[in-house]
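Inspection log for the structure reproduced underneath, given as structure tokens.
The residues of the chain are indexed from 1 along the displayed sequence. Note that the structure is a prediction, hence the values are computed from the model and not measured.
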Amino acid sequence: MKEQLIQKAYEIAKERYSAIGVDTDKAIAELEKQQISLHCWQTDDVVGFERNEAVSGGIQTTGNYPGRARNIDEVRHDIEFVKTLLAGHHRLNLHEIYGDFGGKFVDRDQVGVEHFQSWMDWAKEQDMKLDFNSTSFSHPKSGNLTLSNPDKGIRDFWIEHTKRCRRIADAMGKAQGDPCIMNIWVHDGSKDTTVNRKKYREILAASLDEILAEKLPDMKPCVEAKLFGIGLESYTVGSMDFYEGYCATRNVIYTLDTGHYEQTENVADKVASLLLYVPELMLHVSRPVRWDSDHVTIMNDQTLDFFKELVRADGLHRAHVGLDYFDASINRIGAYIIGARATQKCILSALLEPLQKLREYEANGQFFERLALLEEAKSLPMGAVFDYFNLKNNVPVGEDFIPTIQQYEKEVTSKR
Ligand code: RNT
Ligand code: ZN
């Protein structure tokens, strides 16, 4: 019965959209192809398997909702479950601290491909591709400066770590026959005023140049900009301006975390400029709230506008979509699904925009008509299309995922 209703609602929606020149079947097919890189760190509050300590170094998780994944099997189990609730084919984004260290302590400058072999085997079984991240936080040598540290000993430690991570990413890319996207985010900065802004940036650029010098064809590096970190409020070495210049001059992928900008800034507006100068974007879809950049992604104006700009700039195929938030205050699997589905809804809304008609109006100087259609498009039945997309892909429709997650909590996460 419910299925028939969803199908009926879809048929009606399809006609409504078709009347303004939008092909809903095509939008669904595109959304089905759109991979989301699922961030493994939502399962366990960014703790990982290196030293079992709370995350530190510019970021923080708050909340102590029960059920955190405590080891590699639990992380994998959670991700296998998450996959069953999402339509489409998704990737897994790993951090270095999630290596399979076999109970031994492996320092960051000692890590190798062997520590990720079991992940590669698992990913193959799961038919999931892997992405990767070097980890320069949560370590005694993290301090306030890593790759930009004037102390050569500390800097070299992190350079070695990041080089090794690139080789791991390359091995992953080779194994999966598809480039592994490896993100480099360093929290480097200072709590209070520094009088050496340029100096640390020069060092960071030189460190990155050294790290990226090795040719590794099966991985693609990307570097992530940020406004500020917790405890590092006055200065961030890897600011937006720094990485825009770096990526443009070195032809490197720019990682745009939607939570990393001034709250009143229009993050969507950055897309069309960045795409003129950088080869591709890596997205960390997140939600800033006051000082925090990592609340669960929801379908809000910022995220909607962001994906609309991406589609308008014909940039979806030049963006690697990933999630980045860590909420320890609610059911973590629930948070995962809410954010992933919200991202899909925003992408779908962007794909359903009557762009051709809007652009015709704009070209003709018909600005009342353009604004009117933009407004009307907001209340078109996107939800009916999204429901059908989920039904078609045999995953829960609408709020039906709530009881499924409650069940998983009862049987699995509450017993941890
Ligand atoms: C931090 C950055 C970074 C991290 C992850 C864990 O502000 O967004 O991407 O969240 O690497
Ligand atoms: Zn991020």
Show me the donor-acceptor pairs, under 3.5 Å and distance only, between side chains in residues 62-70 and residues at least two apart or in other chains.
from : atom 1 : to   : atom 2 : distance (Å)
Y65  : OH     : E409 : OE2    : 2.7
R68  : NH1    : D44  : O      : 3.1
R70  : NE     : E74  : OE1    : 3.1
R70  : NE     : E74  : OE2    : 3.4
R70  : NH2    : E74  : OE2    : 2.6

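With no hydrogens or angles considered, a side-chain donor-acceptor pair links K83 and Q126 at under 3.5 Å. Side-chain polar atoms of N144 and S190 form no donor-acceptor pair below 3.5 angstrom. If you check the side chains of N266 and D305, you find no donor sitting under 3.5 Å from an acceptor. In this model, a donor atom of one side chain and an acceptor atom of the other lie less than 3.5 Å apart for T24 and Y10. Side-chain atoms of D107 and H139 include a donor-acceptor pair closer than 3.5 Å. Between the side chains of D100 and S118, at least one donor N or O lies within less than 3.5 Å of an accepting N or O. No hydrogens or angles considered: nothing links the side chains of N93 and W41 as a donor-acceptor pair under 3.5 Å. Counting only N and O atoms by type, the side chains of H39 and N133 include no donor and acceptor under 3.5 Å apart.
By the 6.0 Å contact criterion, CZ on R51 is enclosed, its count of non-hydrogen atoms from other residues, nucleotides or ligands being greater than 12. Counting heavy atoms of neighbouring residues, nucleotides and ligands inside a 6.0 Å radius, atom CD of Q110 exceeds 12 of them.
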Point to revise | Residue pair R250, D209: steps toward the salt bridge (Lys or Arg N to Asp or Glu O under 4.0 Å) verdict | key: CA-CA 9 Å; R250 270 73 166 182; D209 284 348; 2.8 Å; yes
Review point. Run the salt bridge (Lys or Arg N to Asp or Glu O under 4.0 Å) check on R416 and D78 step by step: do they pass?
Key: CA-CA 12 Å; R416 287 179 182 163; D78 285 354; 2.8 Å; yes
Practice item. Go through the steps for K33 and E30 under the test salt bridge (Lys or Arg N to Asp or Glu O under 4.0 Å), then give the verdict. Key: CA-CA 5 Å; K33 275 192 295 178; E30 270 193 64; 5.9 Å; no
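Salt-bridge check for K270 with E244: failed, with every basic side-chain N at 4.0 Å or more from each acidic carboxylate O. A salt bridge links K220 with E280: at least one charged nitrogen is closer than 4.0 Å to a carboxylate oxygen. Using a cutoff of 4.0 Å between basic side-chain nitrogens and carboxylate oxygens, R201 and D241 are not scored as salt-bridged. Residues E96 and R108 are paired through a salt bridge, judged by an N-O separation under 4.0 Å between the basic side chain and the carboxylate. Salt bridge annotation for E160-R164: present, with a cationic side-chain nitrogen under 4.0 angstrom from a carboxylate oxygen.
By the side chain to side chain donor-acceptor pair (under 3.5 Å) test, K345 pairs with no residue at all, sequence neighbours left out. The side chain to side chain donor-acceptor pair (under 3.5 Å) check on Y254 picks up Y261, with sequence neighbours excluded.
Using cut-offs of 30° and 60° on the angle between ring planes, the pair F116 and F132 is perpendicular. The aromatic rings of F137 and H95 sit perpendicular, their planes meeting at an angle over 60°, well past the 30° parallel limit. Ring geometry for Y246 versus F242: interplanar angle under 30°, hence parallel rather than tilted (30 to 60°).
Under a cutoff of 6.0 Å and an axis angle of 45°, K357 and Y361 form a cation-pi pair.
Between V237 and L145 the shortest side-chain heavy-atom distance falls below 4.5 Å.
The minimum heavy-atom distance linking G58 with L232 is given by the pair CA-CD1, 4.1 Å.
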